[in-house]
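Written out below as structure tokens is the structure these notes cover.
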Protein chains: 2
Amino acid sequence: MERDIFDILDERSRRVLNAVVRSYIDRPDPVGSRFVTRKYSFGFSSATIRNIMSDLEEMGFLSQPHTSAGRVPTDKGYRFYVDSLSNEAQSEKIIEVPEEFIQQFSRRLDEFKNDISAMFSEVTNTLSSLSNYVSIVLPPKAENTTFNRIDLIKFKSDQIVAILLTDEGIIHNKVIQADPMLKQEDLNRIADFLNVEFSGHTLDEINNMLMQRMKREKAQWDRLISRAISIYEQAMTFAEGDIFVSGLYDLMDLPEFSDISKLRELSKAIKEKHVIMKLLAELSHSEGVQVLIGTENPVTELKGLSVITSMYKEGSRPMGIIALIGPTRMDYSKAIIMVDTITKCVSRTFED
Amino acid sequence: MERDIFDILDERSRRVLNAVVRSYIDRPDPVGSRFVTRKYSFGFSSATIRNIMSDLEEMGFLSQPHTSAGRVPTDKGYRFYVDSLSNEAQSEKIIEVPEEFIQQFSRRLDEFKNDISAMFSEVTNTLSSLSNYVSIVLPPKAENTTFNRIDLIKFKSDQIVAILLTDEGIIHNKVIQADPMLKQEDLNRIADFLNVEFSGHTLDEINNMLMQRMKREKAQWDRLISRAISIYEQAMTFAEGDIFVSGLYDLMDLPEFSDISKLRELSKAIKEKHVIMKLLAELSHSEGVQVLIGTENPVTELKGLSVITSMYKEGSRPMGIIALIGPTRMDYSKAIIMVDTITKCVSRTFED
DNA sequence: TATTAGCACTCTATGTTGGAGAGTGCTAAC
DNA sequence: GTTAGCACTCTCCAACATAGAGTGCTAATA
């Protein structure tokens, strides 16, 4: 499939296409044939370029806003550009991120090790201010984190505060209703029990295996333990974790958002967290940096935008997602590298 | 001072001024003399109204975008309108909020009693979607909340998780570094000590009085207690609480924001939380609903906007602030009542 | 056969012009 | 004190003209 595209276009067409895309990314004016010849010195006249561009349009890589305007890349055109980017990258002149930046940023993240949400805020802020696009971080899904311990504290007569610690240092707390008869000692016993049973397992395992087993065997256990199950289940129904977003306002400067309505849609989509979360989760099944361009995007609200995602991990276990959303006319080479670099820094931080 | 204004303007001028303001709030077109006579049937011809409006302009209540346009209220004009609103309110036809809404909203808030941030999100969302302006909630300042208990949990070898509960149901947690030699039992003793000493005091009192006293008397206490002080101090340095914001995007629909640059400034100001927080804190020293109109506003970023604030309380103790930010051409009567009502609902929720 | 120069054509962006309309301020009459 | 009448001002909008950029096509060229 990809090979096809590279076969259909000869060397020359490919260079012209990439030149048009690059130029358009640089400044959002339709690109004319004369401009291409002048700026990127091919050995051909504008008439020849004109023919090539006409062919590229017929093949769907470029389009004209109107007769006698220059050409603008289509989503397909951007797709070709992005694909050839990663080809180039493998072979030659990829932009290198200065090792110094990586060092410095990693050190910065280390400072936030004790406060994971502050760390994620730092990540989105950095990413959006470097790129001027919208950056999003999804924190690790609860199911992927490892149970460290739970504590139960009696709070007012009929309430319990449940505090769950994970190995990753993520703390969930929740006030739950409970039988007023339960004393702090009872709670301690319940917590001890859960800690012994669950320690070292991921929350996912706990939900799927352990809890099932315990429920089956419930009859054998005393009343306190059946309470433990109920309490744990209540404590575990936390609201879907917050997502970290930054940079929505930087988009306002881009000419494609002078309209505002796109921006509204995006902000709405972000507010409806689950839309974004689902998309990003699906996107990130595969390895490395993923790019979705314009209409490739399954979410209607984002059809006019491009999304770049990557997954950060602890060792080999996937944890969460880092994403960058911008106009289709996005500086892909820069954006991809930034997402990639930042993701690696975050992964590294989780490793030690 | 206020009396002055009411003295300067005779009954008729006041009525005309209020008519112009109301009309302009209704639709953002400069208001002409003819329009005033037709819409608000005074017993005078347009020529008379013209003279009055001319006087009002000279006095600074109205202004003309250009010769031969209608008139537009100045900030001073809005101020007069708002002041006469509250006068009216005391005497007669204030818009009543249906008791049913209050009941319903209060019940809704009760559902969130166990999750205070969810509750504040609900408040901002409701307020902004009712008003179509930006709503902001400042959560209770930490210093104003009452210590309920602290728990210290050993986590990894050199880290402690400190969990602080307040009577208001607000939970702070923080991972702090600590001497690896400290065992869980030691932590329990430290926590017990702090709980006995601090329980029932506000964090403010604790910082000011108790901690000072303890430090002075430190010599008399054993080593563990001096550790307790250090741990408590670390645990207490939490990041300034989040502020809850909603409705920035609804503003985009208003004609005065077609420009976008105002919106950018506002969003920047909100991002710089402390700017907003300081303003709101200062504003809300006094009782009831406060209104700042346009240039009355000390914060430059908000000079073109109006701010309405009110304070929610637990009994008589001030807790946090609810605010609404919109254009100077804001529907003050509606906005003031909404802020007032919602504030009362929140206060009520904290009371029981 | 591939490339290119030349040219007619198309479409946008910009500036100009000329009412129409809304509103004012002033004056003189009531 | 109030109002009718009128000249004046300013904006808004549509109609029109023009410059400029870019295209597609054709015929000449290497």
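Below, chain A is the first sequence line, B the second, and so on; all start at residue 1.
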Can you check the [X] [atom1] to [N] [atom2] distance for me, whole Å?
X: B:Ile49; N: D:dT2; atom1: CD1; atom2: C1'; result: 11 Å
X: B:Phe42; N: D:dT2; atom1: CZ; atom2: P; result: 13 Å
X: B:Phe44; N: D:dA4; atom1: CZ; atom2: C1'; result: 16 Å
X: A:Lys39; N: D:dA21; atom1: NZ; atom2: C1'; result: 17 Å

Looking at [X] and [Y], does any basic side-chain N land under 4.0 Å from a carboxylate oxygen?
X: B:Glu57; Y: B:Arg71; result: yes
X: A:Arg15; Y: A:Asp10; result: no
X: A:Arg329; Y: A:Glu256; result: yes
X: A:Arg79; Y: A:Glu296; result: yes

inquiry  = Can you see if the side chain of B:Thr48 gets near the phosphate of D:dT3 - specifically, an N or O under 4.0 Å from OP1 or OP2?
reply    = yes
message = Base contacts versus sugar-phosphate-only contacts with protein, heavy atoms under 4.0 Å: please encode nucleotides 11-30 of chain C as B, S and - from 5' to 3'.
response = BS---------BBBB-----
task = Ignoring hydrogens and angles, state whether a donor on the side chain of B:Ser23 or B:Tyr40 is under 3.5 Å from an acceptor on the partner side chain.
result = no
request  = Mark yes or no for whether A:Tyr133, through its side chain, and A:Asp331, through its backbone, hold a donor-acceptor pair below 3.5 Å.
outcome  = yes
